There are 2 protein chains.
Amino acid sequence: MPTVSSEELAAAAGVNSAKLRKDFSYLGSYGTRGVGYDVEYLVYQISRELGLTQDWPVVIVGIGNLGAALANYGGFASRGFRVAALIDADPAMAGKPVAGIPVQHTDDLERIIQDNGVSIGVIATPAGAAQQVCDRLVAAGVTSILNFAPTVLNVPEGVDVRKVDLSIELQILAFHEQRKAGEEAAADGALPAAGSAAARKASADQGPDGAAPAVMPA
Amino acid sequence: MPTVSSEELAAAAGVNSAKLRKDFSYLGSYGTRGVGYDVEYLVYQISRELGLTQDWPVVIVGIGNLGAALANYGGFASRGFRVAALIDADPAMAGKPVAGIPVQHTDDLERIIQDNGVSIGVIATPAGAAQQVCDRLVAAGVTSILNFAPTVLNVPEGVDVRKVDLSIELQILAFHEQRKAGEEAAADGALPAAGSAAARKASADQGPDGAAPAVMPA
DNA sequence: CTGTGTGAACATCTTCACAGCT
DNA sequence: AGCTGTGAAGATGTTCACACAG
């Protein structure tokens, strides 16, 4: 399949073809009228715009179950991410290989960041250690942090933080589940105006969308 | 602090107070004019609406690093989730306790689901096993699935799936990181119209937002 | 003729601003 | 006098529909 139309792509993605065309148009005019988009060229352009063509060295701090799971996660390499180092505070972990990469001790954090030119850090420590690790990462030059610890991190201006809270995803499922169950059947007495107004679209797609609750500022 | 105003809550959440009030109003009129919202009552009403007051038994299938990390995750209990069972295909895992819960074998999946009245399942298996596990969960009565395996699952109408792709979060960080780096400096020759139009707001808040890319339909 | 690229129409979401309750 | 609850205005996002390139 050398070429693909906006109609086909839209159907595959479950969106309107006009939206897809308009979105693509913000990246430039990469389609051919009457023909469609050249698949290879389009993939390249989107990859480049998203930063997939670059090499992003990342460090993972906190090699517990979650840290180990992340280190083993196959999806990173194909998206340009390279696990440059694994860091843990437990001296007993030092030197032990996880996913083929030897764990290093927290003492060397600053050196590791600088030696590898790391600008993206992943925090998978317990909540109590997260802010301190974050401060050290930032001081060492990291400007983007993916935080799995259940804490809101304080960072200076210019540093990006994304917090992943695994229970929020479950929360969203449970919310819809509750709604399925209560469909018309048992009208809960103590809820005056909740009926129609809150009954928004229950999106049928997989993955995070606008349904996420309000979040904390940086 | 027995009472709180929309202004205070909005400041804490980093949003406009009018938006907060309007959002609350969809749940009913739980505030008092001239006073604010009664904290305890508000918490209860929101908790109930979100389903936090219910008990949600969940099963986790696939007890590798990620499954174990999820089983140990502290945030679940406080949000009404109870890990009812851990299931793995490896017979060697059977009986072994993870997070204090003995792992059970996949053979008993259907019985476990039914005995515990589970309607939410978490898939943390390798990609190859995910669809099969999914089919069995659905057949056994599960109607909501949180999928960590890097596959898009096929499910019948009426079943909700949320896919968590850990690399997408990194992707979003890398995208902003790239943008920080390329600020004005090096105008990449091969990008005609990408400049201003695509330079949207770089949100300063932590956590998933509308920046996620288009997703697959069910 | 076919399918992109895009103004214009339409829809949804956010913020303003103020009437009205406490 | 203070703060909610909400119509109306404004901003943003999506879809339509068609001129025009290939």
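The structure presented is a predicted model; accordingly, all values stated were derived computationally and were not measured. Each chain gets a letter, A, B and so on, in the order its sequence line appears, and its residues count up from 1.
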In this structure, how many angstroms lie between the P atom of C:dT2 and the CD atom of A:E7, rounded? 13 Å
Any side-chain N or O of A:S6 below 4.0 angstrom from OP1/OP2 of C:dT4? yes
Measure the distance from CG on A:L27 to P on C:dT4 and round it to the nearest whole Å. 15 Å
Go through the side-chain N and O atoms of A:Y44 and A:E40 and say whether any donor and acceptor fall under 3.5 Å apart. no
When the distance from CG of B:D23 to P of D:dG5 is rounded to whole Å, what number comes out? 12 Å
Taking CG from B:L20 and C1' from C:dC13, how many angstroms apart are they, rounded to a whole number? 15 Å
Is the centre of the A:Y30 ring less than 6.0 Å from the centre of the A:Y37 ring? no
Per-nucleotide protein contact string for nucleotides 16-22 of chain D (B base, S sugar-phosphate only, - none; heavy atom under 4.0 Å): BB-BBBS
Looking only at side-chain N and O atoms, does A:R79 offer a donor or acceptor that is under 3.5 Å from a partner on B:S167? yes
Kindly point out which of D:dT15, D:dT4, C:dT4 is positioned nearest to the side chain of B:Y37? D:dT4
Are A:K19 and D:dT15 close enough that a side-chain N or O sits under 4.0 Å from OP1 or OP2? no
Ignoring hydrogens and geometry beyond distance, is a side-chain donor-acceptor pair present between A:Y73 and B:N65 at under 3.5 Å? no
For C:dC13, take OP1 and OP2 only and decide whether either is under 4.0 Å from a side-chain N or O of B:Y26. no
Heavy-atom neighbours of A:Q132 CD exceed 12 at 6.0 Å: no
Should the heavy atoms of other residues, nucleotides or ligands under 6.0 Å from CD of B:Q114 be counted, would the total exceed 12? yes
